[in-house]
Enquirer: 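Got a structure here, written out as structure tokens. Questions coming.
Order of the sequence lines fixes the chain letters, A, B, ..., with proteins taken first and strands second; residue numbering starts at 1 for each chain. The shown structure was predicted, so the numbers you read here are calculated from the model rather than taken from an experiment.
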There are 2 protein chains.
Amino acid sequence: MTGAPTLSRMTQPPASAASAASTRERIIASARGMTVRVGWSAVSMGRLAADSGLSRQTVYNEFGSKSGLAEALVLTELALFLDVVEAAFRAEPGDLVAGVRGAVFGVLDLAERDELLRAVVSASHGANSDLLPLLTTRADTLLAVARDVLLRCLAAYDVPFDDAHLEMAVDVVVRTTLSHVMQPSSSPATTADDLAWVAARVLRP
Amino acid sequence: MTGAPTLSRMTQPPASAASAASTRERIIASARGMTVRVGWSAVSMGRLAADSGLSRQTVYNEFGSKSGLAEALVLTELALFLDVVEAAFRAEPGDLVAGVRGAVFGVLDLAERDELLRAVVSASHGANSDLLPLLTTRADTLLAVARDVLLRCLAAYDVPFDDAHLEMAVDVVVRTTLSHVMQPSSSPATTADDLAWVAARVLRP
DNA sequence: TCTGTACAAAACCTATCCTTCTGTAAACCC
DNA sequence: GGGTTTACAGAAGGATAGGTTTTGTACAGA
């Protein structure tokens with residue numbers, strides 16, 4: 001609650017009072033739980049409204065359409081991860097390498113535990129795609145958002161090279177981490193250590 | 001033809017004379033072209049046999065099943081990329097960073113031009129999945145094979161750290177490059193330059 | 001601001017039939 | 001050995017027609 005602007009702003013409609021945000025959050029929470037339980041394709045606006053204790057019309061007023069709801073759901077989940085990243089860097093104000101380790105670990109650890117992400121990714125390995133299309137077709141957006149957040153976090157540190165090189169280093173970290181989210185090869189802690197080691201080598205003066 | 005063993009061995013049946021390999025290659029070439037033209041799901045063993053000028057039974061004798069054919073097709077295509085990687089490093093015997101740049105550029109450049117890969121990846125953005133399941137469910141295998149080949153290429157160079165660290169550096173390069181194959185953010189040349197710069201920073205003594 | 005009802009168009013499920021495809025087997029030909 | 005042809009059962013893939021659910025919008029009311 002330090003007033004730091006996160007992605008949560010993107011998950012809210014243009015104008016809304018506190019009660020509207022609460023309604024919105026309630027719907028998203030219901031949609032999340034229902035998706036984990038029965039899969040995205042089995043979530044209908046009617047069932048969702050009943051589950052949230054609201055009318056179907058309210059759900060439509062809030063999200064416009066089912067894909068609007070999907071987008072909000074994805075963005076809300078993404079915000080969880082970005083908050084973890086920001087917290088990790090805030091916890092290591094003087095040590096960029098430690099911040100990288102913490103952020104990477106936080107993301108991979110959350111990815112392992114996150115029910116929604118697990119449902120989507122494991123569904124991709126098995127049978128139905130469900131929400132996966134929304135992740136793969138919007139992968140460029142996800143990459144861009146993650147890059148921007150990381151760049152903002154890194155503005156607080158001194159790096160021994162210019163912004164252009166910083167951006168590509170960030171690109172490498174983001175893509176490698178995301179690759180491990182989809183296709184892990186070892187434990188979050190090990191992967192975080194590895195990426196921190198690479199970061200340390202790159203950052204050496 | 002220097003006798004360097006590549007992945008091509010994996011794409012051949014246990015025992016076969018020259019003519020058998022030719023038959024196999026003919027079938028794979030037909031399957032490749034047909035997949036590019038009409039999509040993997042529209043490739044049937046019957047049409048494939050007719051297109052190759054062979055009998056349907058021969059196709060079954062050679063690959064066992066349609067998924068056996070798919071695996072051979074993917075491995076053959078993968079071998080193209082790995083050959084590019086090996087050639088790039090062979091062209092820069094004394095300069096590891098230049099080798100990295102060449103290999104990354106070669107892979108991304110080929111990925112842009114490769115009809116089969118384009119068909120599979122662009123299909124993933126659009127409607128049908130087709131061959132994509134075979135790529136995503138086997139992504140761990142692809143990663144492992146790519147890592148192994150890269151490690152073998154790098155054995156010819158002196159790196160200023162031990163094997164464990166080399167393996168994770170390779171992991172980072174492979175995952176980042178593959179990420180750019182699926183989701184490019186700039187030109188192959190630019191991305192190759194960027195990754196080479198990171199490699200240079202990491203390799204600094 | 002949220003609810004309830006009503007409504008058209010689209011999407012989805014079910015059952016049926018027909019066609020195609022897969023995978024295996026055997027007989028046959030260099 | 002390498003290849004072809006024919007034959008076959010079972011799985012899988014349209015196409016068709018029906019009935020049901022769902023989507024998205026509209027509007028009157030608490």
Enquirer: Indicate whether any N or O donor in one side chain lies under 3.5 Å from an N or O acceptor in the other, for B:R175 and A:S185.
Expert: yes
Enquirer: Could you tell me whether the side chain of A:Q57 has a donor or acceptor atom within less than 3.5 Å of a complementary atom in the base of D:dA26?
Expert: yes
Enquirer: Tell me which nucleotide among C:dT22, D:dT23, D:dG3 gets nearest to the side chain of A:R56.
Expert: D:dT23
Enquirer: Measure from OH on A:Y60 to C1' on C:dC7 and round the result to the nearest Å.
Expert: 13 Å
Enquirer: Determine the contact category for B:S55: base if any of its heavy atoms lies under 4.0 Å from a base atom, sugar-phosphate if only primed atoms, P, OP1 or OP2 are that close, otherwise nothing.
Expert: base
Enquirer: Would you kindly give the CG-to-C1' distance between A:N61 and D:dA26, to the nearest whole Å?
Expert: 11 Å
Enquirer: How close or far is atom C1' of D:dG24 from atom CD of A:E62, stated in whole angstroms?
Expert: 16 Å
Enquirer: Figure out the CZ/C1' separation between A:F63 and C:dC2, and round it to whole Å.
Expert: 15 Å
Enquirer: Find which nucleotide of DNA chain D each of B:L54 and A:K66 is nearest to by heavy atoms, and output the residue with the more 5' nucleotide.
Expert: B:L54
Enquirer: Looking only at the side chains, is there a donor atom on one of B:S55 and B:T58 sitting less than 3.5 Å from an acceptor on the other?
Expert: yes
Enquirer: Please report, rounded to the nearest Å, how far the C1' atom of C:dT24 is from the CE atom of B:M45.
Expert: 12 Å
Enquirer: Checking contacts here: which listed nucleotide (C:dT22, D:dT4, D:dT23) is nearest the side-chain heavy atoms of B:S44?
Expert: C:dT22
Enquirer: Taking CH2 from A:W40 and P from D:dT22, how many angstroms apart are they, rounded to a whole number?
Expert: 14 Å
Enquirer: Do you see a donor-acceptor pair shorter than 3.5 Å between the side chains of B:T176 and B:S179?
Expert: no
Enquirer: Reckon B:T23 has a side-chain N or O less than 4.0 Å from the OP1 or OP2 of D:dG3?
Expert: yes
Enquirer: Which label fits A:H165 and B:W197: parallel for a plane angle under 30°, tilted from 30 to 60°, or perpendicular past 60°?
Expert: parallel
